[in-house]
Protein chains: 2
Amino acid sequence: MDTDSPLKDERRLHILDAASELLAIRPTASLADIAQHAHIGKATLHRYFSTREALLIELAYRALNLVSDVIATCRLDQDPAPVALGRLAEALVPHGDKWYFLLNEHFWDVHPDLIQAEETVQAPILALIERGQAEGTFRRDISPTWMIYMLDFTLFAAWQAIFDGTIARRDAPRLMIEGLLGGIMTKT
Amino acid sequence: MDTDSPLKDERRLHILDAASELLAIRPTASLADIAQHAHIGKATLHRYFSTREALLIELAYRALNLVSDVIATCRLDQDPAPVALGRLAEALVPHGDKWYFLLNEHFWDVHPDLIQAEETVQAPILALIERGQAEGTFRRDISPTWMIYMLDFTLFAAWQAIFDGTIARRDAPRLMIEGLLGGIMTKT
DNA sequence: ATAAAATGAGATAAAATTGTCTCAAAATAG
DNA sequence: CTATTTTGAGACAATTTTATCTCATTTTAT
């Protein structure tokens with residue numbers, strides 16, 4: 001990728017974000033659909049991303065980077081685990097579409113460097129859950145794997161509910177956190 | 001649909017079920033992919049379902065009928081709401097792929113009779129949640145809509161975890177029910 | 001304000017998917 | 001067992017999606 005003007009960078013990100021949103025709602029969306037959703041022309045889409053695959057790969061990296069940044073700012077190793085997990089969940093809700101994209105796109109085999117980067121995202125979350133189990137705030141009779149599934153799917157539920165307009169953006173983090181934590185915390 | 005032999009009926013259902021499973025995992029799967037997943041030839045797939053749309057429509061009806069049957073057998077109007085909801089969740093887990101299909105396919109506008117049928121599925125669940133709130137076992141500070149989102153997404157999480165082989169089929173209902181109920185039940 | 005760059009609509013080409021068909025082999029029915 | 005039906009591989013046709021390109025218009029940079 002060349003050095004572009006700030007405007008073109010901004011455009012590029014806007015397209016990626018529009019693609020992310022639409023693909024979360026409709027994974028089968030065509031490039032014409034994506035261009036329309038981004039309010040740009042099809043030719044412009046191709047100018048920014050030469051192939052569908054190029055778009056998807058770049059979106060994967062963007063999603064990964066965004067999510068990594070969120071995780072880095074959440075201090076998952078501080079405070080009791082439920083607090084830290086709540087913090088993480090709240091920060092991730094606006095990025096639910098990208099989270100969904102990362103979970104569901106099937107190109108990991110083709111791009112092995114993406115696998116490594118993806119593990120750097122999962123590791124701190126797994127460590128947080130294991131910390132919660134060690135400190136007794138998370139149940140030990142439920143596997144960390146299942147807890148991660150619950151996080152993944154609850155996060156996307158919250159994102160989709162916002163998108164659908166059925167819950168308010170400002171309520172989503174609280175609802176999600178309560179729904180999630182209620183299922184995995186020990187009863188005190 | 002003509003009257004076919006029992007064998008052809010069984011074949012047809014097997015194809016629908018294979019399609020359902022693959023589409024839950026990979027919504028962008030092509031008809032060639034679906035045929036392969038069902039272990040049949042592409043020509044055979046087309047003999048059973050003349051177009052992709054025909055396949056999807058019939059899958060929608062099958063999913064609806066299956067889910068409706070499950071709901072009809074679950075006595076949602078009996079026992080405390082958490083018990084009834086647990087019963088429902090447990091019964092729905094094996095049909096998570098079909099539940100996901102119903103939630104995500106975008107053909108409701110084109111087939112209005114499917115909309116009505118879909119509402120006959122949603123209404124008893126909504127009624128159950130509202131009963132739970134009335135009897136004080138479900139929280140009233142969380143909207144029934146959000147509870148339904150939680151049910152939907154938790155169900156699919158359980159189905160996918162089974163599919164991925166990360167939880168045992170026999171554990172999935174319990175894990176799902178605990179995860180779900182912990183988030184929506186009142187604390188007693 | 002002007003020149004350069006970017007854009008979108010739409011036409012066109014290439015590739016992929018959907019859909020159709022043939023025929024030898026496999027499965028089924030009786 | 002035999003006759004009939006069904007099937008799958010693969011060739012081919014039709015349709016859709018992806019990708020390429022043109023050019024007048026719009027936007028941006030200076």
Side-chain angles (χ1 to χ4, degrees), chain A residues 1-62 101 104-107 109-111, chain B residues 1-62 101 104-107 109-111:
Chain A
M1 225 185 352
D2 302 342
T3 51
D4 291 323
S5 69
L7 185 66
K8 291 198 73 174
D9 283 341
E10 189 183 327
R11 286 264 161 80
R12 187 175 209 96
L13 295 188
H14 159 73
I15 297 171
L16 286 171
D17 290 345
S20 178
E21 183 175 270
L22 184 62
L23 290 169
I25 297 300
R26 191 147 48 89
T28 56
S30 64
L31 289 180
D33 295 331
I34 290 169
Q36 184 173 50
H37 192 65
H39 300 295
I40 60 171
K42 194 156 55 70
T44 300
L45 180 60
H46 281 286
R47 287 196 193 96
Y48 279 87
F49 307 97
S50 53
T51 63
R52 184 182 181 98
E53 186 184 30
L55 172 67
L56 297 183
I57 298 297
E58 197 164 327
L59 182 51
Y61 277 107
R62 172 157 173 77
F101 181 80
N104 286 279
E105 283 302 324
H106 294 270
F107 42 60
D109 342 337
V110 191
H111 294 269
Chain B
M1 222 182 355
D2 302 342
T3 52
D4 291 323
S5 69
L7 184 66
K8 291 196 72 172
D9 284 341
E10 187 185 326
R11 287 264 162 82
R12 186 174 209 99
L13 295 188
H14 159 74
I15 297 171
L16 285 172
D17 290 344
S20 177
E21 182 175 271
L22 183 62
L23 290 170
I25 297 299
R26 189 146 50 88
T28 57
S30 65
L31 290 179
D33 296 331
I34 290 168
Q36 184 172 52
H37 193 67
H39 301 295
I40 58 171
K42 194 157 56 74
T44 301
L45 180 61
H46 279 287
R47 287 194 195 98
Y48 279 87
F49 307 96
S50 53
T51 64
R52 185 183 181 99
E53 184 183 33
L55 172 68
L56 297 184
I57 299 298
E58 197 164 328
L59 181 52
Y61 277 106
R62 172 158 173 76
F101 181 79
N104 285 281
E105 285 301 323
H106 295 268
F107 42 61
D109 342 338
V110 191
H111 294 268

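Chain naming here is simple, since letters A, B, ... match the order of the sequence lines and numbering starts at 1 in each.
Contact check for A:L55 versus A:Y48: no side-chain heavy atoms found under the 4.5 Å cut-off. Between A:H37 and A:I34 the shortest side-chain heavy-atom distance does not fall below 4.5 Å. For the pair B:E53/B:I57, a side-chain contact is recorded, criterion being any heavy-atom separation below 4.5 Å from C-beta on.
Two end axes, each from the C1' atoms of five base pairs, can be drawn for the helix from C:dA1-D:dT30 to C:dG30-D:dC1; they diverge by 50°, to 10 degrees.
Note: CG (B:D33) to P (C:dT17) measures 8 Å, nearest angstrom. As a whole-Å value, the separation of B:R52 CZ from D:dT15 P is 18 Å. In this structure, B:L55 atom CG and C:dT17 atom P are separated by 16 Å, rounded to whole Å. What separates CG of B:L56 from C1' of C:dT17 is a distance of 14 Å, to the nearest Å. In this structure, B:L31 atom CG and D:dT15 atom C1' are separated by 13 Å, rounded to whole Å. Rounded to whole angstrom, the span from the NE2 atom of A:H46 across to the C1' atom of C:dA9 amounts to 14 Å. Rounded to whole angstrom, the span from the OH atom of A:Y48 across to the P atom of D:dT20 amounts to 17 Å. Regarding B:L45, its CG atom lies at a distance of 16 Å from the C1' atom of D:dG10, rounded to whole Å.
Using a 4.0 Å heavy-atom cutoff across all strands shown, B:S30 reaches sugar-phosphate atoms only and no base atom. The residue B:F49 sits apart from the nucleic acid: no heavy atom pair falls under 4.0 Å.
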Legend entry - Where protein sits on nucleotides 22-30 of chain C, one letter per nucleotide: B base, S sugar-phosphate only, - none, heavy atoms under 4.0 Å: B-----S--

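For B:S50, the side chain to side chain contact (heavy atoms under 4.5 Å, CB included) test picks out B:A54, with sequence neighbours left out.
Contact detail for A:L16 and A:L59: the closest heavy-atom pair is O-CD1, 3.5 Å. Closest of all the heavy-atom pairs between B:P27 and A:T28 is O-CG2, 3.4 Å. A:L31 approaches A:R52 most closely through the heavy-atom pair N-NH1, 3.7 Å.
For C:dG10, the base has no donor-acceptor partner in the side chain of A:K42 [N/O atoms by modelled type, under 3.5 angstrom].
Put simply, the side chain of B:D9 never gets that close to the backbone of B:P6: no donor and acceptor are under 3.5 Å apart.
Looking only at atom types and distance, the side chain of A:D17 has no donor-acceptor partner in the side chain of A:S20 under 3.5 Å away.
Minimum atom distance to the side chain of B:I40 is reached by D:dG8, of the listed D:dG8, D:dA19, C:dG8.
The residue among A:H39 and B:A32 whose nearest nucleotide of DNA chain C is located toward the 5' end is A:H39.
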